[in-house]
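What follows is a single structure, and I will ask about it in a moment.
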Amino acid sequence: MSTERKRRGVKGFDITRLPYKIKMYMNNQILIPARLVRALGIGDAEKARIVIKYKGREVEIEAKLLKTRYTDSRQFTVPKHVREELKLIPGEEIEVLSITPIS
């Protein structure tokens with residue numbers, strides 16, 4: 001029998017380093033894929049300083065990292081004032097440039 005951990009469900013995003021591009025969900029959240037979370041070692045972080053880029057403009061935000069129940073992936077919500085400033089709407093692709101854990 002293999003010592004490799006069995007995985008269930010859908011194959012995740014093959015993103016293991018920064019920067020990466022991803023679409024904002026309808027609930028104004030951005031996914032940090034499980035493979036990237038493990039690669040960055042931010043699995044236990046509660047908050048992070050995140051730099052995003054949209055249409056050539058960079059913005060740094062401080063966000064709570066939301067956990068999912070069964071995977072290592074995380075999500076964060078783009079604050080309303082940032083969405084309004086960048087005119088960012090759900091479904092638009094943004095680039096995540098850096099993620100630095102705060103706690």
Side-chain angles (χ1 to χ4, degrees):
M1 185 153 186
S2 174
T3 58
E4 188 176 314
R5 193 169 100 178
K6 270 215 180 231
R7 297 201 182 265
R8 296 172 21 164
V10 178
K11 182 182 182 301
F13 290 95
D14 191 20
I15 298 171
T16 57
R17 57 193 158 125
L18 295 167
Y20 70 99
K21 291 184 179 181
I22 197 153
K23 289 185 179 184
M24 185 170 75
Y25 291 140
M26 295 304 289
N27 60 0
N28 302 312
Q29 293 182 349
I30 303 291
L31 176 72
I32 305 173
R35 290 182 188 183
L36 181 60
V37 169
R38 291 190 290 266
L40 296 175
I42 60 171
D44 293 330
E46 292 179 18
K47 287 186 173 185
R49 189 163 286 114
I50 302 166
V51 179
I52 62 172
K53 184 177 181 180
Y54 178 69
K55 292 188 177 179
R57 295 182 60 196
E58 291 183 21
V59 176
E60 181 178 300
I61 60 173
E62 189 173 302
K64 181 176 180 180
L65 299 179
L66 306 170
K67 291 185 176 188
T68 56
R69 184 174 287 194
Y70 298 110
T71 71
D72 290 335
S73 66
R74 299 287 181 267
Q75 291 183 12
F76 65 91
T77 304
V78 179
K80 185 175 182 177
H81 73 276
V82 173
R83 294 192 312 264
E84 289 173 349
E85 177 185 327
L86 298 177
K87 295 180 177 55
L88 181 60
I89 58 172
E92 292 288 301
E93 188 174 76
I94 65 142
E95 187 171 8
V96 178
L97 301 177
S98 72
I99 302 171
T100 308
I102 295 175
S103 60

K67 and G43 have their tightest heavy-atom pair at CE-O, 4.0 Å
Going from NZ on K47 to NZ on K64, what distance comes out if it is rounded to the nearest 0.5 angstrom?
->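 Output value for this atom pair is 8.5 Å.
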Side-chain atoms of residues 51-62: list all donor-acceptor pairs with protein atoms under 3.5 Å, sequence neighbours left out, distances to 0.1 Å.
residue: Y54; atom: OH; partner: E92; partner atom: OE1; Å: 2.7
residue: R57; atom: NH1; partner: E85; partner atom: O; Å: 3.2
residue: R57; atom: NH2; partner: E85; partner atom: OE2; Å: 3.2
residue: E60; atom: OE2; partner: R49; partner atom: NE; Å: 3.3
residue: E62; atom: OE1; partner: R49; partner atom: NH2; Å: 3.4

Can you list the residues that meet the side-chain contact (heavy atoms from CB on, under 4.5 Å) rule with K87, with sequence neighbours excluded?
-> none
Let me check something: any side-chain donor-acceptor pairs from residues 76-84 under 3.5 Å, sequence neighbours excluded? List them with distances.
residue: T77; atom: OG1; partner: Q29; partner atom: NE2; Å: 3.3
residue: R83; atom: NH1; partner: V78; partner atom: O; Å: 2.5

How long is the gap from CD on E46 to CD1 on I102, to the nearest 0.5 Å?
->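 E46 CD to I102 CD1: 11.0 Å, rounded to 0.5 Å.
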Reported CD1-to-CE distance for the pair I94 and M24, which is rounded to 0.5 angstrom |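 Answer for the CD1-CE pair, I94 versus M24, is 8.0 Å.
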Side-chain touch P90/N28, heavy atoms, less than 4.5 angstrom =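 Sidechains of N28 and P90: in contact.
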Do the non-hydrogen side-chain atoms of I50 and L65 ever get within less than 4.5 Å of each other?
-> yes
What are the two closest heavy atoms between S98 and L18, and how far apart are they?
->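 Nearest pair, atom of S98 first, then L18: CA-CD1, 3.8 Å.
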Residues that T71 engages under side-chain hydrogen bond (donor to acceptor under 3.5 Å, both in side chains), provided they are two or more places apart |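 Counting only residues at least two positions away or on another chain, T71 forms a side-chain hydrogen bond (donor to acceptor under 3.5 Å, both in side chains) with T68, S73.
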Results of side-chain contact (heavy atoms from CB on, under 4.5 Å) for I22 - residues two or more places apart only =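 Partners of I22 under the side-chain contact (heavy atoms from CB on, under 4.5 Å) test: Y20, I30, L31.
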